[in-house]
Amino acid sequence: MEAREISWSFFHRCRSMGGMINVSVLVTLLLGVCAQALEMSVGKIHTLEVVNGSSALMPCTYASCIGIKNLYFNWTYNRTETLCEGVVPMEGIEPHVSVWNERVDFVGSSRTNNVSIILRNITFDDQGDYICYGKNPKEKNRNHSAILTLIVVDQLREVDNTLTTIITSVVGGVIGLLILIMILKSVILLVLRKVAEKNKECLVSSGNDNTENGLSGSKADNKATPKA
Ligand SMILES: *[C@@H]1O[C@H](CO)[C@@H](O)[C@H](O)[C@H]1NC(C)=O
Ligand SMILES: *[C@@H]1O[C@H](CO)[C@@H](O)[C@H](O)[C@H]1NC(C)=O
Ligand SMILES: *[C@@H]1O[C@H](CO)[C@@H](O)[C@H](O)[C@H]1NC(C)=O
Ligand SMILES: *[C@@H]1O[C@H](CO)[C@@H](O)[C@H](O)[C@H]1NC(C)=O
């Protein structure tokens with residue numbers, strides 16, 4: 001009974017403070033549940049490697065758990081040049097888009113929360129950071145963005161070829177060196193054996209004539225070891 005009275009009095013107090021507080025508490029709770037209200041995403045891959053002269057899809061999607069209204073978005077290059085910008089009036093309504101670069105096409109769609117662009121005829125000068133930026137007036141214009149880094153390369157096959165050449169020459173060089181070492185080793189061993197045989201011959205000729213060759217050889221070896 002007491003607990004119920006306390007909770008009732010608490011409820012009354014809240015009510016007496018007016019509807020405003022209840023609404024703000026509710027909004028805070030909602031925002032707490034979805035901490036990142038608006039999220040811009042370029043996907044899992046943040047670095048794009050493209051061949052000089054080709055085109056690239058620069059993906060970007062948005063997500064918002066409190067919904068969007070007049071969502072402003074843009075794409076900038078190296079934080080200076082605005083490539084394209086637009087406003088999505090509501091969820092599912094296609095945006096009004098302005099494209100400021102002749103090599104850029106807007107290919108997004110509000111049906112898939114997609115604000116992707118395509119950059120055509122890419123040159124080495126296009127390398128750098130591409131930022132997909134979004135601002136939802138619903139959440140006090142907080143800024144959100146995602147970065148995509150573009151790297152431009154020469155023909156991919158040529159890159160592979162240089163790499164292959166480097167690997168081949170390194171491996172070839174190592175194998176060549178090993179072969180050279182082995183040849184040197186056998187030559188040195190051959191010379192050493194020749195020298196040893198010469199020594200043996202001298203020892204045998206000066207040794208006892210009665211003993212067999214094998215025995216005399218082992219004797220000669222025994223004698224030669226302490227000398228060496
Ligand atoms: C890059 O591609 C363009 C067009 O295909 C070509 O004119 C240019 O020479 C290329 N640049 C390099 C450094 O290969
Ligand atoms: C891109 O290159 C193609 C052929 O290389 C050319 O026809 C086209 O006009 C170029 N587009 C732009 C926007 O420069
Ligand atoms: C966005 O739209 C483009 C063009 O229709 C498509 O190629 C791309 O896969 C889409 N991206 C996502 C994440 O849906
Ligand atoms: C969002 O960015 C714009 C321009 O980049 C800036 O003027 C504005 O102050 C930023 N807002 C917040 C809340 O950071």
Side-chain angles (χ1 to χ4, degrees), residues 34-65 68 70-88 91-136 139 141-181:
C34 46
Q36 275 285 315
L38 178 70
E39 206 176 337
M40 310 301 286
S41 166
V42 293
K44 281 179 186 151
I45 299 161
H46 295 259
T47 304
L48 267 187
E49 204 172 289
V50 298
V51 175
N52 173 38
S54 66
S55 304
L57 172 75
M58 305 202 169
C60 184
T61 55
Y62 55 86
S64 173
C65 53
I68 57 155
N70 292 331
L71 168 75
Y72 169 83
F73 70 87
N74 70 26
W75 276 95
T76 52
Y77 169 60
N78 277 354
R79 295 167 183 84
T80 49
E81 184 193 353
T82 302
L83 302 173
C84 102
E85 61 186 332
V87 174
V88 184
E91 250 150 318
I93 309 285
E94 293 303 329
H96 314 286
V97 184
S98 309
V99 177
W100 304 116
N101 186 305
E102 59 182 4
R103 290 185 293 124
V104 170
D105 287 328
F106 179 80
V107 294
S109 165
S110 293
R111 273 175 287 126
T112 49
N113 292 359
N114 187 332
V115 290
S116 305
I117 55 169
I118 285 180
L119 181 63
R120 285 179 288 110
N121 296 13
I122 289 171
T123 71
F124 286 96
D125 292 337
D126 293 325
Q127 296 199 101
D129 288 342
Y130 291 79
I131 298 177
C132 176
Y133 166 96
K135 197 164 73 172
N136 192 7
E139 30 173 312
N141 286 336
R142 269 171 65 194
N143 293 329
H144 305 273
S145 59
I147 301 180
L148 192 69
T149 303
L150 187 74
I151 296 170
V152 182
V153 295
D154 250 328
Q155 293 296 310
L156 284 175
R157 201 165 284 168
E158 276 175 32
V159 170
D160 281 351
N161 279 349
T162 14
L163 201 69
T164 313
T165 312
I166 289 168
I167 290 171
T168 312
S169 40
V170 166
V171 169
V174 167
I175 289 173
L177 206 69
L178 283 176
I179 289 173
L180 201 73
I181 288 171

*Taking all atoms of both residues into account, what is the closest heavy-atom pair of N121 and R103, and its distance?*
O-NH1, 3.1 Å
_side chain to side chain donor-acceptor pair (under 3.5 Å) against N52, all qualifying residues, sequence neighbours excluded_ = none
*Are side-chain heavy atoms of P95 and V115 found at a separation under 4.5 Å?*
no
*Geometric class of the Y133/Y72 ring pair [parallel <30°, tilted 30-60°, perpendicular >60°]*: perpendicular
*What residues form a side chain to side chain donor-acceptor pair (under 3.5 Å) with N70, not counting sequence neighbours?*
none
*Is there side-chain contact between I68 and Y62, with heavy atoms separated by less than 4.5 Å?*
yes
*asked:* Measuring only between side-chain heavy atoms, which start at C-beta, is Q127 closer than 4.5 Å to I151?
replied: yes
*Taking the side chain as every heavy atom from C-beta outward, state whether S116 and L57 have any atom pair closer than 4.5 Å.*
yes
*asked:* If you define the side chain from C-beta out and look only at heavy atoms, does anything of L38 sit under 4.5 Å from R142?
replied: no
*Quick one: do the E91 and S110 side chains pair a donor with an acceptor below 3.5 Å?*
no
*asked:* Counting C-beta onward and ignoring hydrogens, is there a side-chain heavy-atom pair between D154 and F124 closer than 4.5 Å?
replied: yes
*Tell me, with the steps shown, if Y130 and L83 meet side chain to side chain contact (heavy atoms under 4.5 Å, CB included).*
CA-CA 9 Å; Y130 291 79; L83 302 173; 3.6 Å; yes
*Consider only side-chain N and O atoms of D129 and T149, and report whether a donor and an acceptor are under 3.5 Å apart.*
yes
*Return the minimal non-hydrogen interatomic distance between V50 and A56, and the atom names on each side.*
CG1-CB, 3.6 Å
*Decide yes or no for S98 and T82: does some side-chain heavy atom of the first lie under 4.5 Å from some side-chain heavy atom of the second?*
no
